[in-house]
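Everything on this sheet refers to the single structure shown next.
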There are 2 protein chains.
Amino acid sequence: MNLKKLSEILGLSQTTVSRALNGYPEVNEDTRIRVQAAADKHGYRPNSRAKGLATGRSMVIGHVIPTSSQHEMVNPIFGDFVAGAARTYAQNNYDMMFTHTPDTSVEDSYRRLFNRGVVDGIVLQGPKVIEPRISALSQMGVPFIVHGRSTCADVPYDWIDVNNQRSFERATQFLIDLGHRRIALINGLEEMDFARRRRNGYMAAMTNAGIEVDPDLLRSAEMTEIYGHQTACDMLKLDDPPTAILASSIISAVGVRRALEERGLKMGRDISVIAHDDELSYMRNGMDVPIFTATRSSVRHAGELAAEMLIDRINAPDDPPKTRLLEAELVVGSSTGPVPQRS
Amino acid sequence: MNLKKLSEILGLSQTTVSRALNGYPEVNEDTRIRVQAAADKHGYRPNSRAKGLATGRSMVIGHVIPTSSQHEMVNPIFGDFVAGAARTYAQNNYDMMFTHTPDTSVEDSYRRLFNRGVVDGIVLQGPKVIEPRISALSQMGVPFIVHGRSTCADVPYDWIDVNNQRSFERATQFLIDLGHRRIALINGLEEMDFARRRRNGYMAAMTNAGIEVDPDLLRSAEMTEIYGHQTACDMLKLDDPPTAILASSIISAVGVRRALEERGLKMGRDISVIAHDDELSYMRNGMDVPIFTATRSSVRHAGELAAEMLIDRINAPDDPPKTRLLEAELVVGSSTGPVPQRS
DNA sequence: TCAGACATTCAAAGCGCTTTGAAAAACGAT
DNA sequence: ATCGTTTTTCAAAGCGCTTTGAATGTCTGA
């Protein structure tokens, strides 16, 4: 069933039928009702390709799956972010399109998506400290939004981000206030912008308190459970092990906890742990009582907001760039405590 | 840059240019090379909407995000499954499209996707025991594949699934062989087909061994960490607590482990735990030595295979239905051991 | 009764591509 | 030189929709 057939059935022109269905004013109310009824009856659905061709809009937003090239992993926060975004899209009649590309040709795949007229806008996830994709997208004139920021971007752009620096500075300060000096940071990949900012926050607090940072207590990698576990194991073997650990993800924090438990150490008593909690739906940080003391910020909510901002941008391409900085909350659980006295 | 402009630049007709680029034989090799070069030079990318309109194919596969309506959660296995599928799609020049719909109108949203000509095929994820979507898709004539199966489907259809029944039967048998009688099953939502099959496997092994199943040891819900923890806590409070636990996901198994550790119980010595391991990239079941004894099957690999099967189906709509049953591997770690002697 | 204003409908062009059927060019064999 | 083949190119139609510009019908006030 297409427009032509439908209009023949109704004995009307395609123009009128099209207008009736799209709510244009220059059509008789009776006719509109009649058309609508016929459309429903015959299950007419406008072909979105044809519509897109005619209007120049596709009502599709493009995402490029952020696989870390090195390990071909899909970050679990991806799922929750997307779920948030999808919710907003659905409300605004957008669909979402995914492309998967080797890291090497990511920029090219954005270009392809947009130039081919597949999408009306693009969400850029997981920006790195140096992020050529941003200026590329900017030059192409695609509406886009970045989830996160890139320190080294030289053009203005829309972004939504958590105040990573501030939240990690606060978390570190919190540990320092509890008397900790040997504080480890189990961070995400250094090339990722968020990881850089978190480290800066950590550094700022440490420096501010006059504590020297021990490079042995700084580690960065893909934030898996295994990595958290391995790193914690390594650090606990040090002559002067950390008394507190800051983990960049609740996933790796789970790994840290496993390492501690293998050694019979109790979190909060023998060693303190703070995690960053993205409020992943399947891995919540406890119920009423948090499992980990954590810096908390819902990535799902960020997804919703990002989608809203992008749709705004599509509708108003010439507005000045908009940015949004979310503050993470510090929730205190039982995984932190005063530094234990040396026996 | 579009076909028309490009053909004008080249002084050729659109027909010839189109054919040259699409590898048709009836075009002079010299011309082809010249056209290709010009296309590269001007960065020509065929508009996929127009192409789709003309060919009737969109080169897009549709997925509907399986949010569990009750909790608005995004299953973490979703990310890995999709990553696997995306890989296959990329190799075959397909893109993937996502739609998010309230559970109530899922069927309608499939219909919309396909009827509007947005997608060439659909992947159905997370089928329930009773799954009206399958016959709906079947009637619509959409090429589709189901990840999992539905016990109550009355039409033949393509699917790929893990032998859930067999793997849980084996796992249960393994525990029985170790002397366990009080075996708990912390399962996924009962309405999900995979959960039903896992329970059947568990039941079969128990019945076969002449062990009566205690309903107190059967639980089912969304497989979160919190749920695993809560359920384990509850069960350990029973007068006659389980000596072994079967967890339907590594995520909830992590929750179980947390519950055990809170009580100072050691896995494998005081209580045995077996998990189902989907090989989630961020939550691997240990490195060389598995953390949990587990039934293992890569959901990412399932994603790759599902995509392949769907593409085959699209290319050969009239082939007889194809199905594929993957066997899960039982990997033995240190989370299982002989039943402890009553003191 | 008629011009002008307004409401309603329509035919046709255009979005950018593929594909059909025909034409032109090149070739080989007589 | 000529004719039948084969190779190569082209004009035009069509995919299903929107939208422009024109046409028709209705209504109003003079």
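Below, read A as the first sequence line, B as the second, and so on, with proteins coming before strands; counting in each chain starts at 1.
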Is it the case that the side chain of [X] and the backbone of [Y] share a donor-acceptor pair, with hydrogens and angles ignored and the cut-off at 3.5 Å?
X: B:Ser138; Y: B:Ile134; answer: no
X: B:Ser58; Y: B:Val118; answer: yes
X: B:Arg313; Y: B:Ala316; answer: yes
X: A:Asp193; Y: A:Thr151; answer: yes

Give the rounded distance in Å between these two atoms: CD of B:Glu26 and P of D:dC10.
13 Å
Check salt bridge (charged side-chain N to carboxylate O under 4.0 Å, His left out) between B:Asp278 and all other residues, then give those that pass, not counting sequence neighbours.
none
Could you check B:Arg149, B:His147, B:Arg324 and say which one makes a side-chain hydrogen bond (donor to acceptor under 3.5 Å, both in side chains) with B:Asp161?
B:Arg149
Between B:Ile130 and B:Cys152, which heavy-atom pair has the shortest distance, and what is it?
CG1-SG, 4.1 Å
Taking all atoms of both residues into account, what is the closest heavy-atom pair of A:Tyr157 and A:Thr323, and its distance?
O-CG2, 3.9 Å
So which of residues 32-40 of chain B are in contact with DNA chain C, with a heavy-atom cut-off of under 4.0 Å?
none
Which parts of residues 12-23 of chain A get close to DNA chain C, meaning a heavy atom less than 4.0 angstrom away?
A:Leu12, A:Ser13, A:Thr15, A:Thr16, A:Arg19
N-O pairing of B:Arg32 and B:Glu29 below 4.0 Å:
yes
One thing to verify: whether B:Asp158 and B:Lys322 come together as a salt bridge, which I'm taking to mean a side-chain N less than 4.0 angstrom from a carboxylate O.
no
Using atom types as modelled, flag every donor-acceptor pair under 3.5 Å from a side chain in residues 15-26 of chain B to any protein atom, sequence neighbours excluded.
{"from": "B:Thr16", "atom 1": "OG1", "to": "B:Ser13", "atom 2": "OG", "distance (Å)": "3.1"}
{"from": "B:Asn22", "atom 1": "ND2", "to": "B:Ser18", "atom 2": "O", "distance (Å)": "3.1"}

What's B:Thr31 touching, base or sugar-phosphate or nothing? Going by heavy atoms closer than 4.0 Å.
sugar-phosphate
Step-by-step side-chain contact (heavy atoms from CB on, under 4.5 Å) determination, B:Gln125 to B:Phe81:
CA-CA 10 Å; B:Gln125 297 180 69; B:Phe81 179 83; 3.3 Å; yes
Note: chain A reaches DNA chain C at heavy-atom distances under 4.0 Å over the stretch, first to last nt, 5' to 3', of C:dT8 to C:dG16
Can you name the atoms? Protein N/O to nucleotides 24-27 of chain D N/O, anything below 3.5 Å, with the distance.
none

5′-ward residue of the pair B:Pro25/B:Ala50 relative to DNA chain D:
B:Pro25
Near-ring test B:Phe78/B:Phe98, centroid separation under 6.0 angstrom:
yes
